**Q** 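Here's a structure for you.
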Amino acid sequence: MNPHVRPGVIAAVAVLALDQASKLWLLFVFDIARRGAVKVTPFFDLVLAWNVGISLVIIKAVAVIVLAIWMARSRTPLATIALGLIIGGAIGNGIDRFAYGAVVDFALFHLQIGGNTYNWYVFNLADVAIVAGVAALLYDSFLGVPAAKAP
């Protein structure tokens with residue numbers, strides 16, 4: 001097994017734990033459903049949004065397996081950690097779909113300009129990890145280990 005796999009697995013487990021802990025806390029301790037939108041800063045609110053978009057569980061499970069195989073074969077620590085972030089985020093959102101029938105989203109950034117409010121999509125920590133993982137993979141693909149030259 002690739003010596004870089006351990007940090008990837010740690011990244012996946014950490015993302016999964018933080019994602020699920022944040023959602024459980026917001027749902028059952030903070031009770032965001034009862035409180036409604038909570039203003040945290042002038043540009044950030046906590047809200048509850050249930051993302052009931054299409055979920056193809058079998059395809060997502062296969063994707064996680066493919067990503068895990070890729071992680072096991074990756075040649076750079078950055079790629080391994082990036083894949084771990086994506087895997088952890090995908091599993092976190094998958095758990096939501098299984099447990100609640102929808103993904104729990106709660107973070108809302110917004111900007112007010114000239115009386116108009118512009119909202120970003122509501123998201124969660126799993127989404128952040130997936131985006132960060134994809135960005136790190138792109139970075140690694142351009143600056144990582146160069147491909148072997150053909151003879």
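These figures come from a predicted structure and were not determined experimentally. Positions are given from 1, in the same order as the sequence printed here.
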**Q** Where do I87 and A12 come nearest, in terms of heavy atoms and distance?
**A** CG2-CB, 4.3 Å

**Q** How long is the gap from CG on D31 to CH2 on W25, to the nearest 0.5 Å?
**A** 10.5 Å

**Q** Are side-chain heavy atoms of F106 and L125 found at a separation under 4.5 Å?
**A** yes

**Q** Is I69 reachable from L78 through a run of hydrophobic residues whose side-chain heavy atoms are each under 4.5 Å from the next?
**A** no

**Q** Exactly one of N93, L48, L26 should register a side chain to side chain contact (heavy atoms under 4.5 Å, CB included) with V104. Which one does?
**A** L48

**Q** V103 and side chain to side chain contact (heavy atoms under 4.5 Å, CB included): which single residue from I95, N124, V52 fits?
**A** N124

**Q** Should V64 and L137 be counted in the same cluster of Ile, Leu, Val, Met, Phe, Trp and Tyr side chains packed under 4.5 Å apart?
**A** yes

**Q** Kindly compute the distance separating OH (Y121) from CG (D127), expressed to the nearest 0.5 Å.
**A** 12.5 Å

**Q** Suppose we screen for side-chain hydrogen bond (donor to acceptor under 3.5 Å, both in side chains). Which residues come up paired with N119, at least two apart in sequence or across chains?
**A** none

**Q** Return the minimal non-hydrogen interatomic distance between G89 and A126, and the atom names on each side.
**A** O-CB, 3.4 Å

**Q** Tell me if the OH atom of Y100 is crowded by more than 12 foreign heavy atoms within 6.0 Å.
**A** yes

**Q** Which atoms form the tightest heavy-atom contact between A129 and L85, and what is the distance?
**A** O-CB, 3.5 Å

**Q** Provide the full list of salt bridge (charged side-chain N to carboxylate O under 4.0 Å, His left out) pairs with a residue in residues 88-97, sequence neighbours left out, each pair given once.
**A** K23-D96

**Q** May I ask whether V131 and I81 are part of the same hydrophobic cluster, defined by side-chain heavy atoms of I, L, V, M, F, W, Y residues being less than 4.5 angstrom apart, directly or through others?
**A** no

**Q** Between T80 and V5, which heavy-atom pair has the shortest distance, and what is it?
**A** CG2-CA, 3.8 Å

**Q** Which pair of heavy atoms, one from A136 and one from A82, lies closest together, and at what distance?
**A** CB-CB, 3.6 Å

**Q** Using a cut-off of 6.0 Å, state whether more than 12 heavy atoms not belonging to W120 lie near its atom CH2.
**A** no

**Q** Identify the two heavy atoms, one from I130 and one from A90, that lie closest to each other, and give their separation to 0.1 Å.
**A** CD1-N, 3.8 Å

**Q** Scan D105, V38, V122, I32 and name whichever one has a side chain to side chain contact (heavy atoms under 4.5 Å, CB included) with V47.
**A** V122

**Q** If you count every heavy atom of other residues, nucleotides or ligands that lies below 6.0 Å from I113 atom CD1, does the total exceed 12?
**A** yes

**Q** Do V134 and I86 touch side chain to side chain, with heavy atoms closer than 4.5 Å?
**A** yes

**Q** Are V66 and W70 connected in a single hydrophobic cluster, I mean Ile/Leu/Val/Met/Phe/Trp/Tyr linked by side-chain heavy atoms less than 4.5 Å apart?
**A** no

**Q** Quick check on the hydrophobic clustering: are L67 and V13 connected, directly or via other members, by side-chain heavy-atom contacts under 4.5 Å?
**A** yes

**Q** Less than 4.5 Å apart, any side-chain heavy atom of V9 and any of M71?
**A** yes

**Q** Does F44 have any ring-ring contact (aromatic ring centres under 6.0 Å, His included) partners at least two apart in sequence or in another chain, and if so, which?
**A** F109

